[in-house]
Participant: 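One structure follows; several queries about it will come next.
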There are 2 protein chains.
Amino acid sequence: MARTQGAFAALADPTRRQVFERLGEGPRAVGELAAGLPVSRPAVSQHLKVLKAAGLVSDRPDGARRVYQIDPQGLGQMRAWLDRFWDVALAAFAAEVERDNDEEEPPE
Amino acid sequence: MARTQGAFAALADPTRRQVFERLGEGPRAVGELAAGLPVSRPAVSQHLKVLKAAGLVSDRPDGARRVYQIDPQGLGQMRAWLDRFWDVALAAFAAEVERDNDEEEPPE
DNA sequence: ACTTACGGTAAGTGATGACTAACGCAATGG
DNA sequence: CCATTGCGTTAGTCATCACTTACCGTAAGT
């Protein structure tokens, strides 16, 4: 439950989000990812470590290379967590609109 | 699009997540939120400022108090962003399973 | 008007984390 | 084998941020 902790923290960093978004285009090796980013390859490697710990990506060896891809697990946990607040959020919003109407046309 | 930036960063902090989760129980004033948390009231006020900037909460004056509640806007943006990766994530996972099967039973 | 309750803001501090450079290790190719 | 390629890890630095204390503005009560 509280394991969405690392997932939000992982996607909070701009660089890490770029890495994740590029993986949205398909599986990529570390070097490929680093090539299109303004940071060094070790930096990308460290970011991937965080994303993996958060369950957002998975890796698989491919010879001397290492291919990463998006893992639906972490993604699913985040969606589930957000959905817990979706209903109550809409209800709160509806109540707020109701309150605004009462202010404009107060009951006589 | 890239405005989900602040939303993920906002929910990355544990204390801020606690504030947000308590707002999931319904609208609360700043003092009420701070009462159940291990941090000072100014700290909660600063956290609410961040959550508000991320579009995750909205506030409304109530006399001398100030009531906060969850805002569906930021929540919706996050859901939309995550959904962009959901399909490709499942496809990548399916491809990985396929790859594992090929390793166990290599084609003759 | 004075007082009390409620909250936002400013300044300062300690801790976390993102980054680079340097190194070590495994896998491929000549 | 020896060289090369591709990644992960370590050590160290610099910036960011969460927190507290103190202060100021505002709204209601007497």
Participant: Give the rounded distance in Å between these two atoms: CG of Asp13(A) and C1' of dC19(C).
Facilitator: 10 Å

Participant: Tell me the interatomic distance from His47(A), atom NE2, to dA18(C), atom C1', rounded to whole angstroms.
Facilitator: 6 Å

Participant: Rounded to whole angstrom units, what separation is found between the CD atom of Gln46(A) and the C1' atom of dC23(C)?
Facilitator: 14 Å

Participant: When you compare the side chains of Ser45(A) and Arg66(A), does any donor N or O come within less than 3.5 Å of an acceptor on the partner?
Facilitator: no

Participant: Answer yes or no: is there a side-chain heavy-atom contact under 4.5 Å between Arg60(A) and Gln69(A)?
Facilitator: yes

Participant: For Glu32(A) and Arg16(B), find the nucleotide of DNA chain D closest to each by heavy atoms; which residue's nucleotide sits nearer the 5' end?
Facilitator: Glu32(A)

Participant: I want to check one thing: is the phosphate of dT20(C), taken as OP1 and OP2, less than 4.0 Å away from some side-chain N or O of Ser40(A)?
Facilitator: yes

Participant: From C-beta outward on Ala43(A), which listed nucleotide comes closest to its side chain: dG6(D), dT20(C), dG8(C)?
Facilitator: dT20(C)

Participant: Reading DNA chain C from 5' onward, which residue's closest nucleotide shows up sooner: Asp62(A) or Pro42(A)?
Facilitator: Pro42(A)

Participant: Rounding to an integer number of Å, can you tell me how far Leu51(B) CG sits from dG8(C) P?
Facilitator: 12 Å

Participant: Please report the distance, rounded to the nearest Å, between CZ in Phe8(A) and P in dG17(C).
Facilitator: 17 Å

Participant: Could you check how far NZ of Lys49(A) sits from P of dA18(C), rounded to whole Å?
Facilitator: 13 Å

Participant: Could you give the CG-to-P distance, from Leu37(B) to dC19(D), as a whole number of Å?
Facilitator: 9 Å

Participant: Measure the CG-CG distance between Asp71(A) and Leu23(A) for me, rounded to the nearest 0.5 Å.
Facilitator: 11.0 Å

Participant: Could a donor-acceptor pair under 3.5 angstrom be found where the side chain of Arg41(B) meets the base of dG7(C)?
Facilitator: yes

Participant: Between P on dA26(C) and CG on Asp59(A), what's the gap in Å once rounded to a whole number?
Facilitator: 17 Å

Participant: Short question: side chain of Asp62(B), backbone of Arg65(B) - any donor-acceptor pair under 3.5 Å?
Facilitator: no

Participant: Does Thr15(A) or Ala29(B) map to a spot on DNA chain C nearer the 5' end, using the closest nucleotide for each?
Facilitator: Ala29(B)

Participant: So does Tyr68(B) get a side-chain nitrogen or oxygen closer than 4.0 Å to the phosphate oxygens (OP1/OP2) of dG8(C)?
Facilitator: yes

Participant: For residues Asp59(A) and Val67(A), determine if any side-chain heavy atom of one lies less than 4.5 Å from a side-chain heavy atom of the other.
Facilitator: no

